[in-house]
Structure formats: C-alpha cells, structure tokens
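Take a look at the structure below.
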Amino acid sequence: MRAKREITSALVERYRASGRLEKARILDELCAVTGWHRKHAIRALSVDGASGSAVPRRRSRTYGASIRVALIVLWDASDRLCSKRLVAMIPFLLPALERHGRLKLSADERSKVLKVSAATIDRLLSDVKIAAAGGRRRRAGFSSAVRRPVPVRTFNDWGSPPPGYCEADLVAHGGMSVSGAFIQTLTMVDIANGVDPMLSARRA
C-alpha cells in the first residue's frame, strides 16, 4: 500500500500539468501498476498533496440571474404552465415578448433560454413556484398517480392532425387561491386551425 501511495504522489503534479491525452496515458499506467479501478485512480490523483484532501472541482454557473428573470417572465406570461409545456412554448412566446418590449436579452442569453431544459426550469423557479402557491409545496397524491400513465400531448406534439382534434382545459377564476367558490371556464381549441369550436357553433 505504501508503494502505491509513493507512485501516486510521484504522478500527481505531472497529472495536473498534463493535457487530456497525457492524463489518459498516466491513468492507464497507474491502473496497470496498482490494479486500481480507473475511477479510484482519478480520485487518488486529484488529492491535494499538502492537505491530503480532494481538490474540489467548481462548475461555472451556466444560467445566471438574467436567465432566471427571463424564465420567470416567460412562466408568468404563459399563465404559469408546467415546465414541460413551457419548454415547448418558449420558441413561440419569447419573440412575442421581445417584440412588445417585455424582454431584452443578449444573443448569448437568448440562446441559453432557447436551450433550457424542463428540469432546469423547475430548479431555477422552485422558490418562485412555492411562493406563488402560498408557500406550500405541492404533494404528489392519487391524482398524480392516475395522470402518470395517461399520455399528454402538447400543441407541439400533434404533427398535422385533421380538423376536429381539440385540446380542452379548465381555467379557474379564483385568483391566487383555489379555496372557496369561484367560476371555471372550459376552453377548447381545434389543433388544426386554432379556432374554438364552441365559439364557431354559437356564431353559426
């Protein structure tokens, strides 16, 4: 064991100063001599010789405060859609908000907003969503278990359906709270032409 530590100590500085290809060669040599797994060899070569502790690797933050603010504006403008639906809407919603002066992003910021994932949106907006829900976290219950096996299509997943295929949803007019009695509106949109079939029927 002592011999392995001496070999590792001798390679640490050389490993840190090397490029990617040279590091791979050093790891191959160390694994061949010590019989270590490659992951263990990487950890051993990442240890700070002076303190004996692993050198922390810091990842630069990809999405800064400006991206978070932009996502909050997009989420609010979309009537607070879930992150998976919001991701599908961002390429359509972002140009409209920029056109009306609601968002002003640099080219780099715009590119990041367009590439953001649903998981990242959930992470960046977690505290905003909790505050919007009155400080309460949403708990998964029976309804979530029922919804999970039911396939849900967003407008981006339909392709080119013929007229007659509709998306329907209930809009609750309860403000920031769903307690008590309030009115709900059933909205319905034909995927093919974007027209409310119930409104068309009333006009006819």
Side-chain angles (χ1 to χ4, degrees), residues 15-24 39 42-43 45-46 48 53-140 144 147-148 151-161 167-178 185 187 189-196:
Y15 178 79
R16 290 181 189 169
S18 300
R20 186 174 179 179
L21 293 176
E22 180 63 16
K23 282 183 176 180
K39 288 291 183 183
I42 291 171
R43 283 194 293 270
L45 289 171
S46 299
D48 188 342
S53 59
V55 178
R57 296 195 317 175
R58 294 185 179 179
R59 284 183 59 185
S60 59
R61 184 175 292 182
T62 305
Y63 300 100
S66 61
I67 305 299
R68 182 173 179 272
V69 170
L71 289 173
I72 292 171
V73 173
L74 285 161
W75 177 65
D76 203 41
S78 70
D79 201 17
R80 301 182 176 183
L81 281 176
C82 69
S83 57
K84 290 183 179 179
R85 292 191 173 211
L86 181 57
V87 164
M89 279 197 68
I90 285 175
F92 305 93
L93 191 57
L94 180 58
L97 291 176
E98 289 176 325
R99 191 164 56 249
H100 292 283
R102 291 283 306 280
L103 277 176
K104 292 182 180 179
L105 301 174
S106 66
D108 182 55
E109 290 170 339
R110 195 176 195 278
S111 175
K112 287 179 179 179
V113 169
L114 289 170
K115 290 190 299 183
V116 72
S117 67
T120 300
I121 292 175
D122 283 335
R123 178 170 55 81
L124 293 176
L125 302 189
S126 60
D127 57 335
V128 178
K129 291 182 178 181
I130 292 170
R136 298 184 300 276
R137 288 183 178 272
R138 183 177 176 183
R139 293 182 297 175
S144 297
R147 285 196 303 267
R148 218 170 281 129
V152 176
R153 287 183 177 178
T154 66
F155 70 94
N156 206 36
D157 302 325
W158 280 94
S160 300
E167 280 193 352
D169 199 4
L170 284 171
V171 179
H173 302 282
M176 297 298 292
S177 173
V178 294
T185 302
T187 61
V189 178
D190 192 303
I191 302 301
N193 53 35
V195 174
D196 183 341

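In this chain, numbering begins with 1 at the start of the sequence shown. Only heavy atoms go into these numbers, but all of them, side chains included; no hydrogens, no water, no symmetry mates. All figures in this text were calculated on a predicted structure; none of them were measured in a lab.
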(message) Strictly distance-based, threshold 3.5 Å: is any side-chain N or O of Arg110 a donor or acceptor partner for the main-chain N or O of Leu105?
(response) no

(request) Answer yes or no: is there a side-chain heavy-atom contact under 4.5 Å between Trp75 and Ile121? (result) no

(request) Ignoring hydrogens and angles, tell me if any N or O in the side chain of Ser126 forms a donor-acceptor pair with the backbone of Arg123 under 3.5 Å. (result) yes

(request) Using a 4.5 Å cut-off on heavy atoms from C-beta on, say whether the side chain of Thr185 contacts that of Thr187. (result) yes

(request) Supply the atom-to-atom distance Arg80 CZ to Ile72 CD1, rounded to the nearest 0.5 angstrom. (result) 10.5 Å

(request) Would you name the heavy atoms of Val113 and Ala70 that are closest together and state the gap between them? (result) CG2-CB, 4.2 Å

(request) Might you point out which heavy atoms bring Ser78 and Leu93 nearest each other, and give the distance in Å? (result) CB-CD2, 3.9 Å

(request) For Asp122, check side-chain hydrogen bond (donor to acceptor under 3.5 Å, both in side chains) against everything at least two apart and list the hits. (result) Ser83, Lys129

(request) Provide the closest heavy-atom pair for Leu125 versus Leu71 in the form atom of the first, atom of the second, distance. (result) CD1-O, 3.9 Å

(message) Could you tell me if the side chain of Leu74 sits less than 4.5 Å from the side chain of Leu103, heavy atoms only?
(response) yes

(request) Report the distance from atom CG of Asp108 to atom CD1 of Ile67, rounding to the nearest 0.5 Å. (result) 7.0 Å

(message) I'd like to check the side-chain hydrogen bond (donor to acceptor under 3.5 Å, both in side chains) partners of Asp79; sequence neighbours left out, ordered by chain and number.
(response) none

(request) Can you establish whether the number of heavy atoms outside Leu170 located under 6.0 Å from its atom CG is more than 12? (result) yes

(request) Drop me the distance from Glu167's CD to Asp190's CG, to the nearest 0.5 angstrom. (result) 10.5 Å

(message) Using a 3.5 Å distance criterion without hydrogens, assess whether the side chain of Glu109 forms a donor-acceptor pair with backbone atoms of Ser106.
(response) yes

